[in-house]
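Comments concern the structure below.
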Amino acid sequence: MCLLLGPSGVGKTLLVKRLAQLSSGDGKGDLGDPPPTRPTVGTDLTDIVVPRRITVRELGGCMGPIWPSYYGSCRCLLFVMDAANPTQLSASCVQLLGLLSAEGLAEASVLILFNKIDLPCYMTVEEMKSLMRLPDIIASARQNVSTVEISARRGTGLPAVLRWLQDAHRADG
């Protein structure tokens with residue numbers, strides 16, 4: 001099981017739909033127009049095949065207080081941040097620190113996704129890493145933490161996310 005977490009409005013639902021779409025085909029080609037999405041209220045399960053089937057559990061951002069009840073079956077964590085919303089950065093950082101310090105996630109591999117890089121006002125990864133002191137956070141984390149820039153809308157970076165999921169589940173056996 002892989003958890004997909006992040007604040008409300010960062011693009012988790014579109015991301016998981018795009019990953020499922022990309023993994024169901026040959027992994028190449030035009031993804032077409034983004035499918036319609038609505039904010040997740042509760043939890044959604046999506047299977048992604050890379051080539052093993054991985055179940056991704058998306059938890060709505062408003063469910064943050066009960067996220068810990070889902071940590072037990074988690075082998076990997078996708079944490080989405082909005083690269084185009086600097087006002088949300090500090091809250092996202094606090095959530096990330098809470099996740100990285102959670103005992104139930106100590107063995108999980110973590111991928112931090114900087115989404116919405118297709119928007120003209122997005123912050124670069126270097127800016128975000130500097131503002132949130134991400135190198136220090138990663139250095140003190142018990143987990144293996146990786147980062148990637150993505151655009152769930154355009155599909156940029158999504159093949160790298162699928163490769164990471166495949167590698168994370170291969171390492172876990």
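Computed from a predicted structure; not experimentally measured. Atom set for the values below is all heavy atoms of this structure, side chains included, hydrogens, waters and symmetry mates excluded.
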Completion exercise
Sequence neighbours excluded, the answer for side chain to side chain contact (heavy atoms under 4.5 Å, CB included) partners of Val94 is none

Completion exercise
Sorted by chain and number, sequence neighbours left out, side chain to side chain contact (heavy atoms under 4.5 Å, CB included) with Ala91 holds for none

Problem - Pro51 side chain near Gln166 side chain, heavy-atom distance below 4.5 Å - result: yes

Problem - Working for side chain to side chain contact (heavy atoms under 4.5 Å, CB included), residues Val161 and Leu111 - result: CA-CA 8 Å; Val161 176; Leu111 181 61; 4.2 Å; yes

Exercise for the section: Hydrophobic side-chain clustering at under 4.5 Å (ILVMFWY, transitive links): who's grouped with Leu45? Put none if nobody. Expected result: Met1

Handout entry: Thr46: partners by side-chain hydrogen bond (donor to acceptor under 3.5 Å, both in side chains), with sequence neighbours left out
Key = none

Residues 58-72, side-chain donor-acceptor partners within the protein, below 3.5 Å, at least two apart:
residue, atom, partner, partner atom, Å
Glu58, OE1, Thr40, OG1, 3.4
Glu58, OE2, Thr13, N, 3.3
Glu58, OE2, Thr13, OG1, 2.6
Glu58, OE2, Thr40, OG1, 2.7
Trp67, NE1, Gly60, O, 3.3
Ser69, OG, Ile66, O, 2.7

Problem - Nearest heavy-atom neighbours spanning Val80 and Pro7 - result: O-CD, 3.5 Å

Completion exercise
Residues at least two apart in sequence or cross-chain that pass salt bridge (Lys or Arg N to Asp or Glu O under 4.0 Å) with Asp47, listed by chain then number, are Arg53

Practice task
Quick one: pull up CG in Leu19 and CD1 in Ile150 and give me the separation to the nearest 0.5 Å.
Solution key: 7.5 Å

Problem - Side-chain heavy atoms of Met81 within contact of Ile112, under 4.5 Å - result: yes

Exercise for the section: Kindly work out whether a path of hydrophobic side-chain contacts (I/L/V/M/F/W/Y, heavy atoms less than 4.5 Å apart) joins Leu3 to Val50. Expected result: no

Completion exercise
By side-chain hydrogen bond (donor to acceptor under 3.5 Å, both in side chains), Ser73 pairs with (sequence neighbours left out) none

Problem - Check: Met132 and Leu96 side chains under 4.5 Å, non-hydrogen atoms - result: yes

Problem - In one Ile/Leu/Val/Met/Phe/Trp/Tyr side-chain cluster, 4.5 Å: Val110, Met128 - result: yes

Problem - Heavy-atom donor-acceptor pair, Lys12 side chain to Leu4 backbone, under 3.5 Å - result: no

Practice task
Just grab all the side chain to side chain donor-acceptor pair (under 3.5 Å) pairs involving residues 131-146, residues at least two apart or on different chains.
Solution key: Glu103-Arg142, Arg133-Asp136

Practice task
Taking the side chain as every heavy atom from C-beta outward, state whether Phe114 and Met123 have any pair of such atoms under 4.5 Å apart.
Solution key: no

Exercise for the section: Check the hydrophobic clustering (I, L, V, M, F, W, Y; side-chain heavy atoms under 4.5 Å; chains of links allowed) and say if Val125 and Leu131 are grouped together. Expected result: yes

Problem - Side chains of Leu99 and Leu77 in contact at under 4.5 Å (non-hydrogen atoms) - result: yes

Practice task
Determine, using the 4.5 Å side-chain heavy-atom cutoff (strictly less than), whether Leu113 and Leu22 are members of one ILVMFWY cluster.
Solution key: yes

Handout entry: Over all atoms of both residues, closest heavy-atom pair of Cys76 and Leu165
Key = SG-CD2, 3.9 Å

Exercise for the section: Measure the CZ-CG distance between Arg154 and Leu119 for me, rounded to the nearest 0.5 Å. Expected result: 8.0 Å

Problem - side chain to side chain contact (heavy atoms under 4.5 Å, CB included) between Ile137 and Leu100, intermediate numbers included - result: CA-CA 9 Å; Ile137 292 171; Leu100 294 176; 3.4 Å; yes

Exercise for the section: Output all residues satisfying side chain to side chain contact (heavy atoms under 4.5 Å, CB included) with Ala152, sequence neighbours left out; order by chain, then residue number. Expected result: Leu14, Leu15, Asn115

Practice task
Hey, could you give me each pair passing salt bridge (Lys or Arg N to Asp or Glu O under 4.0 Å) that has a residue in residues 80-89? Not counting sequence neighbours.
Solution key: Asp82-Lys116

Practice task
Mind listing the closest non-hydrogen atom pair of Gly157 and Val148 along with its distance?
Solution key: O-CG2, 4.4 Å

Practice task
Please answer: with hydrophobic residues joined when any side-chain heavy atoms are less than 4.5 Å apart, are Leu97 and Leu5 in the same cluster?
Solution key: yes

Practice task
Considering non-hydrogen atoms only, spot the tightest contact between Trp164 and Leu78 and give its length.
Solution key: CZ3-CD2, 3.7 Å

Problem - Under 3.5 Å: donor-acceptor pair, side chain of Ser24, backbone of Gln21 - result: yes

Problem - Whether over 12 other heavy atoms sit under 6.0 Å from Arg153 CZ - result: no

Problem - Over all atoms of both residues, closest heavy-atom pair of Gly6 and Gln95 - result: C-OE1, 4.0 Å

